[in-house]
Amino acid sequence: MDKDSEIRDMLALERTRLANERTFLAYIRTGLSMLAGGAVLFQFFASIDSYVAAGWVLVVCAVLVLLFGTYRFMQVRATLNKRRHLSQDRN
């Protein structure tokens, strides 16, 4: 019964690791979409100042999303690695 518990914990940790990677990819997808939106505004509406300002807002937000996503991914990965090492030390 104890072995089943260990396997269940190991699989739960692996599912959490995969979920962290999926979330990171979602941050990347969102940031790149925002960058693309900003580029479209710059390319096609460069003569309209309010669209250029909106393009800059999108670019800045995209960079912030990418940085925050990377930070969050690294933070969660470090926590998961620490837990994995703790669970291996118990065995």
Exercise for review: Would you list the pairs meeting side chain to side chain donor-acceptor pair (under 3.5 Å) in which at least one residue belongs to residues 40-62, sequence neighbours left out?
Suggested key: none

**Study point:** Between NZ on residue K82 and CZ on residue R77, distance to nearest 0.5 Å
**Key:** 13.5 Å

Check your understanding: Roughly how far, to the nearest 0.5 Å, is CG of D9 from CZ of R83?
Key -> 11.0 Å

Review point. Do the non-hydrogen side-chain atoms of V52 and L41 ever get within less than 4.5 Å of each other?
Key: no

Practice item. Verify the cluster assignment for Y71 and L25: are they in a single hydrophobic cluster under the rule of side-chain heavy atoms below 4.5 Å apart? Key: no

Check your understanding: Using links of under 4.5 Å between side-chain heavy atoms of ILVMFWY residues, direct or through other members, which residues join L67 in one cluster?
Key -> V63

Review point. How far apart are the closest heavy atoms of L58 and M34, and which atoms are they?
Key: CB-O, 3.7 Å

Revision key, fill the gap. For V60, the hydrophobic cluster (side chain heavy atoms closer than 4.5 Å, chained through members) also holds L64

Point to revise | Distance in Å, T79 OG1 paired with M74 CE, rounded so as to fall on 0.5 Å steps | key: 13.0 Å

Exercise for review: Kindly compute the distance separating OG1 (T23) from CD1 (I28), expressed to the nearest 0.5 Å.
Suggested key: 11.5 Å

Check your understanding: Quick one: salt bridge (Lys or Arg N to Asp or Glu O under 4.0 Å) pairs with a partner in residues 16-40, sequence neighbours left out?
Key -> E14-R17, R17-E21

Review point. Hey, what do you get for OG1 (T70) to CD (Q75), rounding to the nearest 0.5 Å?
Key: 12.5 Å

Review point. How would you list all residue pairs meeting ring pair (Phe, Tyr, Trp, His ring centres under 6.0 Å) that involve residues 10-33, not counting sequence neighbours?
Key: F24-F73, Y27-F68

Check your understanding: Does L35 have any side chain to side chain contact (heavy atoms under 4.5 Å, CB included) partners at least two apart in sequence or in another chain, and if so, which?
Key -> L32, V59, A62, L66

